[in-house]
Amino acid sequence: MKKILALVLVIVLAVAALSACGSSAQSAAPAAAPAQNDAPSGENAAVESPAATPAEVNLSAAYDNYLSQFSTNGTNGTLTVALSPDFAPMEFYDVAKSGDAAIVGFDVLLANYLAQELDMTLVLKPMSFDACQAAVQTGNVDVAISGFSWKADRAENFELSDYYIAGDNETQQSIICLKENEGKFTKPEDFIGKKIGYQGASLQQTLVEETFGELDVNITQVFSDLGTAVEALKAKQVDFLAVAHGNGESIIANSGDAIAFSGFDFEVDPKYENNVCLLKKGNTELVAKINVALAKALENDYYTGWYDASKVYAGVSTLDELGFDENGVKITD
Amino acid sequence: MTFILNIVKIMTKYWKVFLLQGIGYTLLLSIIAVAGGAFFGSLLALAKRSHLKILKALVNALVAVVRGTPVLLQLYIGVFVFPLIIPKLSSLPYIYSVSIVLIINSSAYVSEIIRSGIEAVDIGQMEAARSLGLTQRTAMMSIVLPQAVKNILPALGNEFIMVVKETSLASTFFVGELMTAYLKVKGNTYLTMECLFIVGVLYFALTFILSKILKAWEGRMKARA
Amino acid sequence: MPEVMLDIKNIYKNFGDLQVLKGVSTTVEKGEVVVIIGVSGSGKSTLLRCMNLLEEPTYGEVWMEGRLMTPVDPYLHFDVLRASNTYKKLVTGGLSDEEAIHKIKEDDLLKEKHPRTEGSEYAALMKKIYDESHIDINLGRQKMGMVFQSFNLFNNKSVKDNITLAPIKIGKQRLKEAKKRGEPVTKTAADIEKEAEAKAMKLLERIGLQDKADAYPSTLSGGQRQRVAIIRALAMEPDVMLFDEPTSALDPEMVGEVLDLIRDLVKSGMTSVIVTHEMGFAKEVADRVIFMHDGVIAEEGTPEEVFNNPKNPRCKDFLSKVLY
């Protein structure tokens, strides 16, 4: 019994030490804050929670502004939306918030917008990316909005909405590498003899295969999630990673100056550029309504503001870089 | 060095996600699963000894299916198919369906633990009790079960530790336990290895402390008998 | 006319395809000591275990003090057989009464059939016999004490609790039932406990183990355990004692103390059935000896007849091996 008590004590102490060390780091943070305003160094941003730290710039200000514009109580029933919130800035967690409000990002704004347009009440259902598709198929949720790109076999098995434009997250597709190779690779031929990794079953897979399929480039690596892929890059198991530009920015910002853009961007066929919502095959009524709403959003150019706000929230960019004032209001000229 | 620094930084910002939510939900799910499993597992074990052949066959089939399929698959079925059967579930958070699945899963294993625990008690104990004219029920409750408990408890402890680790699969539905904490923080920071290391240490600490507590408890049970 | 205590009628016992008992019938009278001998696997232990239904006979009936403990065996009741549809069909098919009965028995035509398929007359007769003579299996067992080869003391109970468990549990149950029926009760549950404990202490004194009352069985020697097992059975005040090789698991130096206790018991008039390999003891205490071979009673008689003048060659062979 004594031994166990001792053990519990040791662990409690260890935890206490960790959090103590944490709080001291936290108290030191405000001092460093001003510098961050001008140029967020990657490493700091890595741990800079999206959670608002009052002394600093409120990272969620712009996002919250957009979110507050949406009415939350529809009269037309609920719209349940599946999404996989491990994919900043498209959808991720703000650990300072709780419940549905903790799930934030571009797709969340879109979901709120759609619910408002359809006069429905939004319910978010977080789950893994694979589970999102299963949830739609079984009718467990009405729609999945989680950065899905258009694919032929997806179109076959699901009802897909029209495109929505998630800023440059999908339109710009890039290749990232270790810092030492930054900007040195600009055309496909530069990659001959190198190893390029990509996330399995993603748009990047299609792009890499289309671009490098004919060349003597090793593109065999497949990762099930981006985080693992980044580890492989750091461990030099691959030389390059094909990623959406927005994800690339997040990764670079969090890499502690270890990762950079290679200088190569893919030429993206317009059909791949954008994201779609997934609905159950045959649910044409809801798809039609969603498409009307999406057309309106495109026409009024809502997407850019949402995307920029989400990027700031995720700590990828700063407010003034993307043209917001410090209260998160877009500066129009 | 950056690895350690990153871990410190992650814990600075996200310690609540790991230590409060993560460990909290992992323990909550494990306790729900094991307590529910112990209760329903006992009922299943009783049903297995029933004279009703249909009941017996049904329970055996359930146990075979639960033991013969991956927990992840069971979770998918629980989350996406149960609401079709019980409409009420579809309006509740996934943690309800996930808990039900974990209880069913644990019940199946616990019923096997109880069955083998009872079978490990010398048949002569039951025979002696019956030869004195005691009913099956009295013999079971006064003689066989108290002896079976000594076999059952250690195995139940192991099951608890297994369940703690199995709850990680519930992260597929972001219910908030340790592996969900990993997904959340990794999704924000893209620092996969650091996050994995943190949850790894926490899982180990949890199971290690649990196994020590269970061992001490077992020792006390043995000393008493 | 001596009073019949235990009546075993045409017992068969199959374990799967293995026939262990192939039609055994015998009676045990009040005060009689019957010793069953035979080689291992001859079915002697199975026969003893069939007597208190620890093994359920495949066919045949066990009667305890005039009450039926097993289900009704239609093969033992001609009137029941004659009421069956199978019999009626055979007779209308041209067989004589005797031939029909023989055929039914020989071909086991009533086996595993639901009584209803043999007609309402058959079912009614079966039920009538059952209702008239059946006794609850637990009540029957309370009248029969059993002593096992491996003692089977309750490991989780102290010596005293081993002895008092059944008297207390059953006493309280009877009390509850009596109250339910509205009968006047003179005892309380506490009385039952006190009485059982007093009796247990008296029995322990009789075997000189009163100082072990609070010990657990694992701390006793084999001989002590078996003697406790015997008085545990006696605490239920049984009418018959069944001993299943009570000394086979004992170290040689402990056999004596157990045999002494059993000898005491039978000398005081306890009706007993004893399966044993102790031939000297068998010769000494038995009123009747049964030699089992290959699932049947191969020889039966007084100790003098069986031990000194066996007629069955198997029995002769067996005795020549164990006696000299």
Side-chain angles (χ1 to χ4, degrees), chain A residues 1 3-4 7-8 11 14-15 18-19 21-26 29 43-44 46-51 78 80 84-88 91-96 102-103 123 125-128 130-131 134-135 137-140 225-228 230-231 234 247 250-251 253-256 258 314-315, chain B residues 2 5-19 21 23 72 75-77 79-84 89-91 93-94 97 171-176 180-196 198 201-202 205-206 208-209 212-213 215-216 219-220:
Chain A
M1 214 49 215
K3 263 188 188 168
I4 289 163
L7 194 77
V8 172
I11 286 177
V15 169
L18 255 179
S19 38
C21 148
S23 51
S24 65
Q26 204 158 20
E43 188 129 40
N44 270 333
V47 293
E48 215 48 69
S49 156
T78 57
T80 47
S84 177
D86 55 353
F87 198 59
E91 45 265 319
F92 57 100
Y93 268 95
D94 177 351
V95 296
I103 307 167
V123 176
K125 297 241 177 183
M127 62 189 81
S128 74
D130 286 338
Q137 258 175 337
T138 55
N140 200 273
D225 77 290
L226 212 45
T228 322
V230 171
E231 292 305 324
K234 284 186 192 164
N247 294 136
S250 278
I251 292 167
N254 287 311
S255 70
Chain B
T2 34
L5 275 178
N6 280 342
I7 286 175
V8 171
K9 283 173 182 170
I10 289 172
M11 285 312 281
T12 312
K13 277 297 174 195
Y14 298 105
W15 66 275
K16 269 187 188 164
V17 182
F18 288 113
L19 299 182
Q21 284 181 27
I23 290 184
L72 185 59
L75 284 170
Y76 265 90
I77 289 174
V79 167
F80 295 135
V81 180
F82 284 5
L84 304 179
L89 271 180
S90 55
S91 59
Y94 284 144
S97 300
S171 65
T172 304
F173 302 99
F174 283 79
V175 295
T180 306
Y182 154 78
L183 285 175
K184 285 178 178 178
V185 177
K186 177 210 77 173
N188 281 5
T189 61
Y190 289 98
L191 294 171
T192 308
M193 288 319 283
E194 288 85 345
C195 294
L196 274 180
I198 292 169
V201 167
L202 292 179
L206 265 187
F208 188 73
I209 295 171
K212 288 290 168 198
I213 293 174
K215 233 191 203 136
R220 273 177 56 191

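Lettering of chains follows the sequences in order, A, B, ..., and the numbering in each one begins at 1.
- Looking at B/Lys184, the atoms closer than 4.5 Å to chain A (heavy atoms on both sides) sit in the backbone and in the side chain alike.
- With respect to chain B, the highest number of heavy-atom pairs below 4.5 Å among A/Glu91, A/Lys234, A/Met127 belongs to A/Met127.
- Inter-residue side-chain proximity for B/Ile10 and B/Val185 is flagged as met; some heavy-atom pair is nearer than 4.5 Å.
- Side chain to side chain, B/Tyr94 and A/Asn140 meet the donor-acceptor criterion of an N or O pair below 3.5 Å.
- Only the backbone of B/Ser90 has a heavy atom closer than 4.5 Å to any heavy atom of chain A.
- B/Phe173 touches chain A through backbone and side chain together, each having a heavy atom under 4.5 Å away.
- Side-chain atoms of A/Tyr93 do not come within 3.5 Å of backbone N or O of B/Asn188 as any donor-acceptor pair.
- In plain terms, the two heavy atoms of A/Glu231 and B/Leu191 that are nearest each other are OE2-C, 4.2 Å.
- Looking at B/Phe80, the atoms closer than 4.5 Å to chain A (heavy atoms on both sides) sit in the backbone and in the side chain alike.
- For the set A/Ser250, A/Ala102, A/Ser128, the entry with the most heavy-atom pairs within less than 4.5 Å of chain B is A/Ser128.
- With a 4.5 Å cut-off on non-hydrogen atoms, B/Leu84 touches chain A through its side chain but not through its backbone.
- Between B/Thr192 and B/Tyr182, the closest side-chain pair of non-hydrogen atoms falls below 4.5 Å.
- One N or O on the side chain of B/Tyr190 and one on the backbone of A/Ala88 form a donor-acceptor pair closer than 3.5 Å.
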